[in-house]
Structure formats: C-alpha cells, structure tokens
Amino acid sequence: MMAGRGPRTEVPDAKDAGDWFAGRLPEGWFDGAPRVTVDRDEIVVVGQLPAEGEQSAAQREGRAARFREDTREQRMRIADEAQERYRRRVSWGVAAGEETLLFTHQAVPVMSRLRQPERLVLDTLVDAGVARSRADALAWCVRLVGEHTEDWLGELRKAMKDVDDLREQGPQL
C-alpha cells in the first residue's frame, strides 16, 4: 500500500534515496546530482538544468516545460521503480537559474487540533486576506516558520540523524 493512502503502514528507510536517484538518472539531465527531499509520504527530486547563458524568466520556463515533456516517459518509469523500492510517491521538478519549478507534488492533509488562541491567529490571516482559509493560513504559518528558522531546523535534523546513526552502531536486539 502506498504511503498516504488508507491506514498508515511502515515505509522503508529512504536514507539512500539521493544516492539511488543520482545513480539511476541518465547522465546529462542535470548539472550534478539532483536534490532529493524525503518525508513520510513523498520523495521530491529536483535537478539543476544545465546552464545556457543569460536567459529571461520566460526562456527558463520554456526550458523547464521542454525538459518535462521530453523526459516524461523515462521519469515515470524511474518513479515507478522508486515508488516500489521506497513505498512513497515521487514528484519531480527542475531548477533553472535561481528559480525552482515543481512539476507535480502532493498536498497532504494534516490533522491539527487548535485551541482558540491559535484559531484566532488563523482567522485573522483569513480576515485580512493573507489566506483563503484556515488550512491556507496554517500552511502560510508553517512556511514562515520554516523560512525564519532554517538554520535551527537544519541543526535539529542533523542531531536526529546523529541519534539514528548511534542507534545503528549500538547493540542489536
């Protein structure tokens, strides 16, 4: 069963997903190894398109669209292999210059129970036109926190990885 559908099932470890995609993708698609981000539901693969000199935003969008169309069949075949291996959906995107364009990616519902003070924050964002709904307002808040605490979140992720590494080195039961 795919992660994110029906009852939650254990998903395989995907620590090696970046290496797997780097080895599996055809040479020449990207400048260097793709950036691979993994969570419980999805693997997002974003590769840097080879540079073609100074380009306008429209040219970069056109290159991304051409890449998407030209590689669709092969990307879907690779995604099927990865989904079988990691039991997560695979989404794709490209970076062209400083801009990142995601072709498809999941919007996964997340259940949250909030008390009135937190709901009032969301309602204020909706009433002010910052967000269309409480769900949009909550997503906006999460993005804002992520942008302003990236260094701290990076350190936290590293610490969690260090703990996982220590567990693997420890005695096996």
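With sequence neighbours excluded, no residue satisfies salt bridge (Lys or Arg N to Asp or Glu O under 4.0 Å) with E155.
Cluster partners of L114, using a side-chain heavy-atom cutoff of under 4.5 Å among ILVMFWY residues and allowing indirect links, are L122, L138.
Distance check, rounded to the nearest 0.5 Å: NZ of K161 to CG of L156 gives 14.0 Å. Note that CD1 of I78 and CZ of F21 are 8.0 Å apart. Values are rounded to the nearest 0.5 Å. Residue D164 holds its CG atom at 7.5 Å from CE of M160, rounded to the nearest 0.5 Å. Separation of atoms CG (D41) and NE2 (H105) is listed at 13.5 Å; rounding is to 0.5 Å. Rounding to the nearest 0.5 Å gives a distance of 4.5 Å between CE of M111 and CZ of R113.
D16 approaches D13 most closely through the heavy-atom pair OD1-O, 4.5 Å. Heavy atoms only, all atoms of each residue included: A33 and A22 are closest at CB-CB, 4.2 Å. Across P12 and R88, no two heavy atoms sit closer than the pair O-NH1, 2.8 Å. When all heavy atoms are compared, the tightest approach of L153 to G146 is CD1-CA, 4.1 Å. Shortest non-hydrogen contact noted between D31 and A51 is OD2-N, 3.5 Å. In terms of heavy atoms, V38 sits closest to A14 at CG1-CB, 3.7 Å.
Criterion: ILVMFWY side-chain heavy atoms under 4.5 Å apart, direct or through other members. Under it, W152 and V145 are not part of a common hydrophobic cluster. Under a hydrophobic clustering in which Ile, Leu, Val, Met, Phe, Trp and Tyr are joined whenever their side-chain heavy atoms come within less than 4.5 Å, directly or via other members, L49 and L102 fall into different clusters. There is no path of hydrophobic side-chain contacts, each under 4.5 Å, that joins V142 to L120. If you chain together hydrophobic residues whose side chains sit under 4.5 Å apart, V46 and V90 never meet in one group.
Residues S91 and I43 fail the side-chain proximity criterion, which asks for heavy atoms closer than 4.5 Å. Residues T100 and R35 have side chains in contact (heavy-atom distance under 4.5 Å, counting atoms from C-beta outward). Annotation: side chain of F103 is in contact with side chain of V94 (closest heavy-atom distance under 4.5 Å). With a 4.5 Å cut-off on side-chain heavy atoms, V44 and E42 count as touching.
Salt bridge status for E99 with R60: present, with a side-chain N to carboxylate O gap under 4.0 Å.
Proximity of a side-chain donor or acceptor of E118 to a complementary backbone N or O of R115 within less than 3.5 Å is detected. Between the side chain of Q59 and the backbone N or O of S56, at least one donor-acceptor pair lies under 3.5 Å. In this structure, the side chain of R75 engages the main chain of R68 through a donor-acceptor pair within 3.5 Å. Of the possible polar contacts, one joining the Q48 side chain to the A95 backbone as a donor-acceptor pair under 3.5 Å is found.
For F30 and F67, the gap between ring centers is short of 6.0 Å.
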- Item | Steps toward salt bridge (charged side-chain N to carboxylate O under 4.0 Å, His left out) verdict (R157, E150) | CA-CA 10 Å; R157 288 183 187 112; E150 191 56 40; 3.3 Å; yes
- Item | Pair E168-K15, salt bridge (charged side-chain N to carboxylate O under 4.0 Å, His left out): steps then yes or no | CA-CA 13 Å; E168 287 179 16; K15 288 180 186 174; 2.6 Å; yes
- Task: Give the C-alpha distance, both sets of side-chain angles, the deciding distance and a yes or no for salt bridge (charged side-chain N to carboxylate O under 4.0 Å, His left out) between E73 and R77.
- Result: CA-CA 6 Å; E73 189 174 310; R77 204 169 33 251; 3.7 Å; yes
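Between the side chains of R63 and Q55, at least one donor N or O sits under 3.5 Å from an acceptor N or O.
Pairs passing the side-chain hydrogen bond (donor to acceptor under 3.5 Å, both in side chains) check and including a residue from residues 129-142, sequence neighbours excluded, read D123-R134, R132-D136.
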